[in-house]
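This report concerns only the one structure given below.
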Protein chains: 2
Amino acid sequence: MSKGNYLGEFEIVVLSTLLHLGENAYGMTIRCEIDEHTGRSVSIGAIYATLRRLERKGLVVSHLGEPTAERGGRAKRFFALEPAGEDAVARSRAMFARLWNDLPEARG
Amino acid sequence: MSKGNYLGEFEIVVLSTLLHLGENAYGMTIRCEIDEHTGRSVSIGAIYATLRRLERKGLVVSHLGEPTAERGGRAKRFFALEPAGEDAVARSRAMFARLWNDLPEARG
DNA sequence: TATATCTTTTACTATGTACGAAAAATGCCC
DNA sequence: GGGCATTTTTCGTACATAGTAAAAGATATA
């Protein structure tokens, strides 16, 4: 873990999205949820690159699902938060809360 | 402004800190305020690099102060938010609010 | 077999984060 | 006035994150 391990901005977004999705969180649904929730449409490669990084850090785990013989398509890789991942989001969230709580409302 | 111009995590921290400091915001006080406010101690070089980037983006302006003949030391460079900078913070803040508002409290 | 569909993986580039040391500018003291 | 301590900024470099476009894997159906 070395010294200053803070999450990047998009890492926070992805982790928070995993919190929302719970069960079937995989590349496509994550991407979709981010788009709907934040209006941010990002390429699928960016999602996977970030997920892989988060997994290397131990904040997320993934497993390949059964090759669902539905309509064609490759087996999905599902992602879930590790406890360390939940902690990391909570820390970032708390930090921004400290930074923002005593400022006037954002008009977003 | 191109397409997806989102602030990096530390950029948000720095801009928010400028909001707190108002008047005499320069390298050292910014660094100090970040440390006190978030418990994050970062090198002075990181602060300046980020400030310079934010200035290139037009989110911040700076001017050299009078070489305050107080105790020795170089003229300070003061930083202040541009309207675009305030907007950028507000947008980031609103985005995280949307992501976090319907999640259970963080225990930070 | 070919083709369409849904998904992941790869390769590459651009941008952001971070540190340590060097440089500038000033005041103080011998 | 020559050095030294002090306060601040700038520079050079290394590494981490963010992002895209295109290729590849795996299955179903014509």
Side-chain angles (χ1 to χ4, degrees), chain A residues 1-15 17 24-32 34-35 38 40-60 62-79 88 92 95, chain B residues 1-15 17 24-32 34-35 38 40-60 62-79 88 92 95:
Chain A
M1 293 280 168
S2 69
K3 26 181 57 178
N5 66 321
Y6 293 93
L7 296 173
E9 190 256 5
F10 190 58
E11 293 180 319
I12 302 177
V13 170
V14 169
L15 288 176
T17 300
N24 78 324
Y26 64 99
M28 297 313 194
T29 52
I30 294 169
R31 179 192 192 188
C32 195
I34 289 175
D35 195 343
T38 71
R40 182 171 183 169
S41 54
V42 76
S43 80
I44 188 65
I47 307 276
Y48 281 106
T50 300
L51 286 167
R52 199 176 123 198
R53 198 181 331 119
L54 291 171
E55 188 161 25
R56 270 204 309 272
K57 296 191 200 174
L59 304 182
V60 146
S62 74
H63 70 278
L64 280 173
E66 294 301 309
T68 67
E70 278 195 5
R71 187 82 71 89
R74 190 170 175 173
K76 302 181 177 85
R77 176 176 293 278
F78 291 96
F79 291 87
S92 290
M95 186 197 68
Chain B
M1 291 281 169
S2 68
K3 27 182 56 179
N5 65 324
Y6 293 93
L7 298 172
E9 190 256 6
F10 191 58
E11 293 179 321
I12 301 177
V13 170
V14 169
L15 287 176
T17 301
N24 78 324
Y26 64 100
M28 297 314 194
T29 51
I30 293 170
R31 179 192 193 188
C32 196
I34 288 175
D35 195 342
T38 71
R40 182 172 183 167
S41 54
V42 77
S43 82
I44 188 64
I47 307 275
Y48 280 107
T50 300
L51 286 167
R52 200 176 122 201
R53 199 182 331 119
L54 291 171
E55 189 161 25
R56 269 204 309 272
K57 296 192 200 174
L59 305 182
V60 147
S62 75
H63 71 276
L64 280 174
E66 295 300 309
T68 66
E70 279 196 3
R71 186 80 74 88
R74 190 172 176 171
K76 303 181 176 83
R77 177 176 293 277
F78 292 97
F79 291 86
S92 290
M95 185 196 70

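What's counted below: heavy atoms across the whole structure, side chains too, no hydrogens, waters or symmetry copies. Remember, predicted model here, so these are calculated numbers, not experimental data. First the proteins, then the strands, lettered A, B, ... as listed; each starts at 1.
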(message) Using the side chain to side chain donor-acceptor pair (under 3.5 Å) criterion, which residues pair with B:Arg77? Sequence neighbours excluded.
(response) B:Ser62
(request) From the options D:dT10, D:dG19, C:dA18, select the nucleotide whose nearest atom is closest to the side chain of A:Val42. (result) D:dG19
(request) Under the salt bridge (charged side-chain N to carboxylate O under 4.0 Å, His left out) rule, collect the residues that match up with B:Arg53, sequence neighbours excluded. (result) B:Glu11
(request) Using the test ring-ring contact (aromatic ring centres under 6.0 Å, His included), find all partners of B:Phe78 that sit at least two apart in sequence or belong to another chain. (result) B:Tyr26, B:His63
(message) Under the rule for side chain to side chain donor-acceptor pair (under 3.5 Å), what residues qualify as partners of B:Ser41, not counting sequence neighbours?
(response) none
Set out, line by line, the N/O atom pairs under 3.5 Å between protein and nucleotides 12-18 of chain D.
from   : atom 1 : to      : atom 2 : distance (Å)
D:dT17 : OP1    : A:Lys57 : NZ     : 2.8
D:dA18 : OP1    : A:Glu9  : N      : 2.9
D:dA18 : OP1    : A:Phe10 : N      : 2.8
D:dA18 : OP2    : A:Arg53 : NH1    : 3.0

(message) If I take atom CG in residue B:Leu64 and atom P in nucleotide D:dT10, what distance separates them, rounded to the nearest angstrom?
(response) 7 Å
(message) Tell me the interatomic distance from B:Ile44, atom CD1, to C:dA21, atom C1', rounded to whole angstroms.
(response) 14 Å
(request) Send over the distance from B:Arg74 CZ to C:dA25 P, rounded to a whole Å. (result) 6 Å
(message) When you measure from the side-chain N and O atoms of A:Arg31 to the phosphate of C:dT7, is any distance below 4.0 Å, counting only OP1 and OP2?
(response) no
(message) Between C1' on C:dT7 and CG on A:Asn24, what's the gap in Å once rounded to a whole number?
(response) 14 Å
(message) Can you tell me which nucleotide in D:dC11, C:dA24, C:dC6 comes closest to the side chain of B:Arg52?
(response) D:dC11
(request) Can you sort out the partners of B:Arg40 under side chain to side chain contact (heavy atoms under 4.5 Å, CB included), two or more places apart, ordered by chain and number? (result) A:Tyr6, A:Met95, B:Glu9, B:Phe10, B:Val13, B:Ile34, B:Thr38
(request) Please state how far atom CD1 in B:Ile47 lies from atom C1' in C:dG20, giving the value in whole angstrom units. (result) 15 Å
(request) Send over the distance from B:Leu54 CG to C:dT17 C1', rounded to a whole Å. (result) 12 Å
(request) In whole angstrom, give the distance that lies between atom CE of A:Met28 and atom P of C:dT5. (result) 14 Å
(message) Distance check, rounded to the nearest 0.5 Å: B:Leu15 atom CG versus B:Ile30 atom CD1?
(response) 10.0 Å
(message) I'd like to know if the side chain of B:Ser92 reaches the main chain of B:Ile12, judged simply by a donor and an acceptor atom lying under 3.5 Å from each other, with no hydrogens or angles considered.
(response) no
(request) Take the protein atom CD1 of B:Ile30 and the nucleotide atom C1' of D:dT8, then report the distance between them rounded to whole Å. (result) 12 Å
